[in-house]
Number of protein chains: 4
Amino acid sequence: MEKREVQASVKDERLVQKRRDQMIKGAVALFKQKGFHRTTTREIAKAAGFSIGTLYEYIRTKEDVLYLVCDSIYDHVSERLQEDLAVEKGTLDSLKHGIADFFQVMDEMQAEVLVMYQEVKSLSKDALPYVLKKEMEMVAMFEELLTRCVENGELTLSEKQIELIAHNIFVQGQMWGFRRWALRRLFTLEEYIEMQTEILLSGVQGRVSGAVAVPEKG
Amino acid sequence: MEKREVQASVKDERLVQKRRDQMIKGAVALFKQKGFHRTTTREIAKAAGFSIGTLYEYIRTKEDVLYLVCDSIYDHVSERLQEDLAVEKGTLDSLKHGIADFFQVMDEMQAEVLVMYQEVKSLSKDALPYVLKKEMEMVAMFEELLTRCVENGELTLSEKQIELIAHNIFVQGQMWGFRRWALRRLFTLEEYIEMQTEILLSGVQGRVSGAVAVPEKG
Amino acid sequence: MEKREVQASVKDERLVQKRRDQMIKGAVALFKQKGFHRTTTREIAKAAGFSIGTLYEYIRTKEDVLYLVCDSIYDHVSERLQEDLAVEKGTLDSLKHGIADFFQVMDEMQAEVLVMYQEVKSLSKDALPYVLKKEMEMVAMFEELLTRCVENGELTLSEKQIELIAHNIFVQGQMWGFRRWALRRLFTLEEYIEMQTEILLSGVQGRVSGAVAVPEKG
Amino acid sequence: MEKREVQASVKDERLVQKRRDQMIKGAVALFKQKGFHRTTTREIAKAAGFSIGTLYEYIRTKEDVLYLVCDSIYDHVSERLQEDLAVEKGTLDSLKHGIADFFQVMDEMQAEVLVMYQEVKSLSKDALPYVLKKEMEMVAMFEELLTRCVENGELTLSEKQIELIAHNIFVQGQMWGFRRWALRRLFTLEEYIEMQTEILLSGVQGRVSGAVAVPEKG
DNA sequence: GATGAATGAGTGTTCATTCAT
DNA sequence: CATGAATGAACACTCATTCAT
């Protein structure tokens with residue numbers, strides 16, 4: 001997908017990237033603490049280590065910062081997931097691995113995910129669709145993983161079920177990020193990964209053998 | 001739980017309630033449209049049908065409005081769920097019914113849920129814990145439903161599994177509300193309810209007979 | 001002509017007028033001193049005797065202040081000129097009287113005229129045509145005075161000459177306002193009025209009979 | 001008159017002149033379009049064909065650019081008028097020629113004149129008197145032309161009348177520049193020149209003999 | 001001499017909150 | 001109780017100017 005460009009006055013691309021990285025890092029910390037709206041551009045500049053004037057050499061509006069943050073998050077997550085997809089297997093193990101990886105990234109990037117999750121709606125009508133599309137792409141990665149398993153005969157799932165389960169995985173990943181105040185008291189990340197995967201696959205594998213329904217009938 | 005009081009200058013309790021209802025109704029519409037931060041107190045007053053001066057007779061700060069909105073939403077949802085719990089059954093059907101009901105409420109109150117979901121973090125350190133506690137109470141209702149099923153022998157689940165699944169149900173309910181831009185294209189509410197329930201229970205029921213795990217072991 | 005409305009948040013029309021009068025008065029003084037661009041809205045508010053917040057209850061943008069100033073100037077000048085036109089004479093004396101009156105107003109409103117003259121171009125594409133139209137109306141008043149004299153046989157002038165002379169009168173009036181740094185050293189207002197009128201009419205009357213110069217010599 | 005110096009860091013005088021010419025040319029175009037205040041130094045630099053850093057090698061403040069522009073305009077106009085004065089005649093025709101020339105320059109340099117006219121007041125207390133003096137010098141040229149005619153017996157005018165008429169000529173010239181939105185619809189430049197000259201001289205000649213109107217009638 | 005990244009004081013504008021009527 | 005005019009702290013954003021390279 002085409003990158004939605006955020007205009008900078010400074011020409012040196014390397015410098016732009018460096019400054020934006022500083023910016024994003026500072027902004028995430030602030031947004032996490034006080035949210036996008038309660039954070040001022042001056043605070044962002046300060047956290048990034050430069051002046052307000054310099055901040056505006058690299059963005060055009062405050063919203064650009066938010067967009068840059070969201071974009072960077074998705075980039076990181078996508079990159080990680082792509083690695084799992086690269087291994088062309090279609091086995092249950094590769095699926096499990098993908099899920100575990102995703103949950104792990106969500107754990108590592110907890111701050112960023114939280115921010116993104118609560119602030120996307122603040123994006124303009126211009127940037128929102130772009131970010132949403134990125135999200136769909138990530139869901140699509142899980143659809144891909146699931147489809148491969150189905151094609152491999154490891155799972156029996158309808159198209160719609162694949163889509164729903166992909167969404168579930170995605171949301172459960174985010175859930176670990178933004179409900180950690182509740183979940184952390186109950187589970188370690190490893191437990192969470194294991195238990196969610198188990199629930200997911202036990203329900204889903206059951207469909208392979210039709211055995212699930214038996215007790216209900218019996 | 002103790003109600004966290006929002007102070008009003010007006011003494012007449014009935015009037016206070018009436019005005020706040022007007023206020024909440026107007027505020028939800030506005031928050032849904034433009035979010036808490038982009039909505040001004042003047043707009044809230046106008047949408048509520050009275051002047052800015054009057055608004056401040058019934059609240060102390062803008063944040064009070066948000067708190068009132070959140071509180072009202074939870075009240076509505078809780079009330080609805082309590083009805084399901086009231087019927088002391090512990091059958092799978094009653095669980096299914098509870099889930100369906102919850103998803104339905106989430107659908108009906110989509111606007112409110114969305115608002116609450118994206119704006120809670122804007123609550124002060126004072127109000128946030130109170131709202132979070134309410135959320136825990138709702139999750140606890142599902143734990144209760146699940147526990148009864150386990151006690152009734154309809155399901156076999158550990159304590160931790162109950163808690164996780166309760167969270168899952170809750171999050172999937174919210175998911176219908178705030179991911180509807182993606183889900184609505186794939187499922188009707190009925191399909192969504194049916195499919196999610198199926199996945200949830202097939203995984204979970206499988207545990208009753210141990211049949212699910214077999215393929216994994218084999 | 002339709003008044004171009006400047007929107008106010010305050011409803012009480014009388015109050016709006018009062019506050020705007022304060023505002024205009026303060027603004028003219030400031031604009032005269034430092035020009036529109038170098039004057040801050042805060043300064044305008046202070047000069048008007050209220051806070052910056054209050055200022056913005058009566059206008060929407062800084063430019064509104066400029067428009068209000070221009071509008072008010074034209075209103076004052078027009079009003080004064082209308083009185084001269086009201087007396088339906090068409091004599092040379094009535095023309096002289098009109099010119100003298102105009103120059104006098106320009107003298108009295110020197111500050112305002114200077115401001116308007118130097119700052120109109122700062123008006124937006126929205127307000128500018130409206131102000132220009134007002135200016136044309138004022139020129140038209142002199143055309144009217146001149147036309148009556150021609151109809152009365154007091155002067156012999158072509159259509160085009162009437163238009164040009166009307167413009168000349170208008171510009172000479174302004175000239176007294178914005179070139180006073182040079183003119184004041186040479187003439188009193190009375191002298192200026194007398195001499196300009198003489199030049200104007202001697203040239204113009206001369207066309208009728210050539211008699212003009214005679215009485216002066218005699 | 002002493003040139004008011006604008007300090008430059010660069011020593012090479014030829015280069016300084018070259019860069020400033022580029023600068024003035026670009027600045028006039030921009031000032032005409034958006035006025036002095038709405039034009040940024042960056043825009044000026046860009047229009048001039050070099051960087052902001054370079055711009056500041058040749059001026060000290062933004063205001064210097066305005067001064068340079070004004071100065072350059074007067075230089076051009078003066079130069080042109082000096083040519084007319086050089087021919088030491090003192091005839092009515094030479095006066096007419098001078099007026100026509102001035103109006104023509106005002107037409108050609110319309111953009112510049114407009115700019116200068118509307119922005120002089122933005123000059124600092126330092127530069128303003130200098131520019132005003134230049135203006136007086138130009139008025140003085142017309143005084144000179146008129147005085148010669150009087151000395152030659154072609155006109156009969158008092159000192160004060162000479163000064164006033166010189167001002168009138170000057171202002172009517174500018175008027176063609178900054179009121180062209182109104183005048184262009186009524187007159188061509190040629191018509192304007194002819195009609196203004198006629199009015200001016202008929203009034204003024206009339207004083208000599210009262211004969212002015214005669215030829216027209218006869 | 002030329003460049004352009006960095007700076008931060010300053011600007012127009014908004015909006016939660018108060019309080020006299 | 002209700003109103004809405006008044007307030008001013010706070011904010012996003014701009015731009016003239018500097019200076020290290």
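A, B, ... follow the sequence lines: proteins, then strands. Residue 1 opens every chain.
Of the side-chain N and O atoms in D/Arg19, one or more sit less than 4.0 angstrom from OP1 or OP2 of E/dA2.
When only modelled atom types and interatomic distance are considered, A/Gln17 and A/Arg20 share no side-chain donor-acceptor pair under 3.5 Å.
One finds no salt bridge joining C/Asp71 and C/Arg4 here, because no Lys/Arg side-chain nitrogen approaches an Asp/Glu carboxylate oxygen to under 4.0 Å. The residues C/Lys32 and C/Glu112 are annotated as not salt-bridged, no charged nitrogen and carboxylate oxygen being separated by less than 4.0 angstrom.
Distance check, rounded to the nearest 0.5 Å: CD of D/Glu135 to CG of D/Leu132 gives 6.0 Å.
Side-chain N or O atoms of D/Gln118 include none that pairs as donor or acceptor with a backbone N or O of D/Val115 at under 3.5 Å.
Positionally, the nearest nucleotide of DNA chain E for A/Glu57 lies more toward the 5' end than for the other of A/Glu57 and C/Ile59. Residues D/Tyr56 and B/Ser51 each lie close to DNA chain F; by heavy-atom proximity, the contact nearer the 5' end of the strand is made by B/Ser51. Comparing A/Phe50 and B/Gly53, the nucleotide of DNA chain E nearest to each residue sits closer to the 5' end for A/Phe50.
Along DNA chain F, the stretch of nucleotides lying under 4.0 Å from any heavy atom of chain C spans, 5' to 3', F/dA5 to F/dA10.
In DNA chain E, runs of at least 3 stacked Watson-Crick or G-U pairs (N1-N3 plus N6-O4 or O6-N4, or N1-O2 plus O6-N3, all under 3.5 Å) give these stems: E:2-21 with F:2-21.
Using a 30° and 60° split on the angle between ring planes, B/His37 and A/His37 fall in the parallel class, below 30°.
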Step-by-step side chain to side chain contact (heavy atoms under 4.5 Å, CB included) determination, C/Leu68 to C/Tyr58: CA-CA 11 Å; C/Leu68 251 19; C/Tyr58 297 93; over 6 Å; no
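You'll find the side chain of D/Tyr130 stays beyond 4.5 Å of the side chain of D/Leu123, heavy atoms only.
Atom CG of D/Leu55 is separated from atom P of E/dG4 by 13 Å (rounded to the nearest Å). Between the P atom of E/dA16 and the CZ atom of B/Arg38 lies a distance of 13 Å, rounded to the nearest Å.
Of all the residues in residues 41-49 of chain C, C/Thr41, C/Arg42 reach under 4.0 Å from DNA chain E with at least one non-hydrogen atom.
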